[in-house]
Each structure stands twice: as C-alpha cells, then as structure tokens.
Amino acid sequence: MMNSESKSIFLHDDEHLVSHKRNNKELENWITHLLFIEKEIRYLKKLCKKNHIEKDYYSLKLELERKELENNKLVSTLKKYNNNLSMWNECEDIACDRLFIHEHELYRAKYDRFTATYRNKKELLFNLIT
C-alpha cells in the first residue's frame, strides 16, 4: 500500500502516476468494502436464523455461505493484486501501463459483479423478513 503522502495527487504528477494513485485508492476501497461485507454476512446469517424463515431460510443461508466464500476469495485475490501493484512503477512503456490498466479493469468487473449479486441476495433476505 502507498503511504498517505504518496496517495495525494499533485500538479506535477504525470498521467501515469495519477492513474496509478487513483487505482490504488479504488483498490483499497474495494478491499475495505469487502471486509465490511464479510462482517455483514455473519449478521445476515444470524438474522435469518433469528427470524426462523424455515425453507426459504435454508436456501438463503446456503446462498449467504456461498457469497461468504466468494467474498473471502475475492479479498484474497485483491490483496495479492495490491501487493503486485508496486511493479507498476517499474513500467517503462505504454504497453506495460496498458497491461496493468487492463488487469485493473478485470478486477473492477469482478468486484462489481460480486457486489451486485450480493446486494440481490441481501435484498431477498430483507424481503423475507419484512
């Protein structure tokens, strides 16, 4: 991870560095959000159990457990990616930069896909208990 001064965007930063800093911040936000989701899933499972939703509870509980596993895997993947981002500073040409940008876009898509499906499961639960 970058220290707080290296995260700031300065007027003298070139386009490459600005992009790198923004992508780092975005990645940190994804990880923070997914770590919150990890806690939230535990609460949602308790909420299911407390409200005794019976048949619907069982299938939703399984879905939440699957989401919990997916979430853990995604956090691990993003942390590994974060550890490799320092190599981006070593890029000396446009092709290298584009490779990192493309990789970041792939991770953004994974994060977006996961959070969208997770929100749907959470909404199903809330609809069952209200």
Side-chain angles (χ1 to χ4, degrees):
M1 293 209 177
M2 303 174 97
N3 66 39
S4 62
E5 188 170 308
S6 64
K7 292 179 189 177
S8 299
I9 296 175
F10 301 103
L11 291 175
H12 64 272
D13 289 344
D14 64 16
E15 187 178 318
H16 161 81
L17 189 55
V18 169
S19 175
H20 181 56
K21 287 178 179 182
R22 285 184 176 153
N23 286 346
N24 267 312
K25 183 61 180 163
E26 182 177 45
L27 178 58
E28 288 176 15
N29 288 339
W30 294 342
I31 292 170
T32 299
H33 184 218
L34 292 172
L35 291 173
F36 176 79
I37 286 174
E38 183 179 313
K39 291 177 189 176
E40 190 175 49
I41 288 173
R42 286 194 301 268
Y43 293 126
L44 291 174
K45 288 178 0 185
K46 288 178 185 177
L47 193 59
C48 279
K49 193 172 193 174
K50 187 176 183 179
N51 285 283
H52 303 290
I53 305 171
E54 305 303 325
K55 182 181 97 175
D56 293 324
Y57 159 72
Y58 181 74
S59 63
L60 195 53
K61 181 179 178 255
L62 290 177
E63 292 280 348
L64 286 171
E65 287 172 354
R66 196 177 92 236
K67 285 292 166 201
E68 189 172 33
L69 292 173
E70 286 178 39
N71 186 64
N72 293 341
K73 183 179 177 185
L74 187 53
V75 167
S76 177
T77 299
L78 291 176
K79 283 182 175 181
K80 286 178 191 171
Y81 170 57
N82 189 44
N83 292 337
N84 293 332
L85 276 182
S86 62
M87 293 186 320
W88 197 0
N89 292 327
E90 307 300 319
C91 282
E92 295 182 6
D93 61 14
I94 299 281
C96 180
D97 277 345
R98 285 189 179 151
L99 179 65
F100 273 99
I101 290 168
H102 176 72
E103 185 176 19
H104 191 82
E105 293 299 321
L106 293 175
Y107 287 118
R108 178 183 290 125
K110 286 181 183 185
Y111 169 80
D112 288 344
R113 216 174 13 258
F114 173 80
T115 56
T117 60
Y118 171 70
R119 275 191 304 270
N120 289 338
K121 298 303 173 199
K122 191 165 74 168
E123 189 174 1
L124 282 173
L125 170 64
F126 290 153
N127 286 335
L128 283 172
I129 63 174
T130 56

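Just so you know, these numbers come straight off a predicted model, no measurement behind them.
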S.K.: Same cluster or not: Leu35 versus Leu27, using hydrophobic residues (I, L, V, M, F, W, Y) connected whenever any side-chain heavy atoms lie under 4.5 Å apart?
M.R.: yes
S.K.: Measure the spacing between CD of Glu92 and CG of Asp97 and express it to the nearest 0.5 Å.
M.R.: 10.5 Å
S.K.: Are Leu69 and Ile31 connected in the hydrophobic side-chain network, where two residues link if heavy atoms are under 4.5 Å apart?
M.R.: no
S.K.: Could you state the interatomic distance from CD (Glu68) to CG (Leu62), rounded to the nearest 0.5 Å?
M.R.: 12.0 Å
S.K.: Hydrogens and angles aside, do Tyr118 and Glu40 bring a side-chain donor and acceptor to less than 3.5 Å of each other?
M.R.: yes
S.K.: Has Arg22 got more than 12 heavy atoms of other residues, nucleotides or ligands less than 6.0 Å from its CZ?
M.R.: no
S.K.: Less than 4.5 Å apart, side chain to side chain, heavy atoms only: is that true for Arg42 and Glu38?
M.R.: yes
S.K.: Roughly how far, to the nearest 0.5 Å, is CG of Leu124 from CG of Leu60?
M.R.: 6.5 Å
S.K.: Nearest 0.5 Å, please: how far is CD1 in Ile37 from CG in Leu74?
M.R.: 9.0 Å
S.K.: Crowded around Lys110 NZ? As in, over 12 foreign heavy atoms under 6.0 Å?
M.R.: no
S.K.: Might you work through the salt bridge (Lys or Arg N to Asp or Glu O under 4.0 Å) test for Lys67 and Glu63, ending with a clear yes or no?
M.R.: CA-CA 6 Å; Lys67 285 292 166 201; Glu63 292 280 348; over 6 Å; no
S.K.: Does Asn71 use its side chain to pair, donor to acceptor, with the backbone of Leu34 at less than 3.5 Å?
M.R.: yes
S.K.: How far apart are the closest heavy atoms of Leu64 and Ile41, and which atoms are they?
M.R.: O-CG2, 3.8 Å
S.K.: Rounded to the nearest 0.5 Å, what's the gap from CG on Leu78 to CG on Asn83? Could you check?
M.R.: 11.0 Å
S.K.: Are any of the side-chain heavy atoms of Leu85 and His20 separated by less than 4.5 Å?
M.R.: yes
S.K.: When clusters are formed by joining ILVMFWY residues with side-chain heavy atoms under 4.5 Å apart, either directly or through shared neighbours, do Phe100 and Leu106 land in the same one?
M.R.: no
S.K.: side-chain contact (heavy atoms from CB on, under 4.5 Å) for His102 and Arg98? Distances and angles first, verdict last.
M.R.: CA-CA 6 Å; His102 176 72; Arg98 285 189 179 151; over 6 Å; no
S.K.: Please step through salt bridge (Lys or Arg N to Asp or Glu O under 4.0 Å) for the pair Lys61 and Glu65, ending with a clear verdict.
M.R.: CA-CA 6 Å; Lys61 181 179 178 255; Glu65 287 172 354; 3.0 Å; yes
S.K.: Looking only at side-chain N and O atoms, does His33 offer a donor or acceptor that is under 3.5 Å from a partner on Asn29?
M.R.: no
S.K.: CH2/Trp30 to OH/Tyr111 distance, rounded to the nearest 0.5 angstrom?
M.R.: 8.5 Å
S.K.: Quick one: does Ser76's side chain have a donor or acceptor within less than 3.5 Å of a partner on Asn72's backbone?
M.R.: no
S.K.: List the steps, then state whether salt bridge (Lys or Arg N to Asp or Glu O under 4.0 Å) holds for Glu105 with Arg108.
M.R.: CA-CA 5 Å; Glu105 293 299 321; Arg108 178 183 290 125; 2.4 Å; yes
S.K.: Starting from the C-alpha separation in whole Å, work towards a yes-or-no answer on side-chain contact (heavy atoms from CB on, under 4.5 Å) for Phe126 and Leu44.
M.R.: CA-CA 9 Å; Phe126 290 153; Leu44 291 174; 3.9 Å; yes
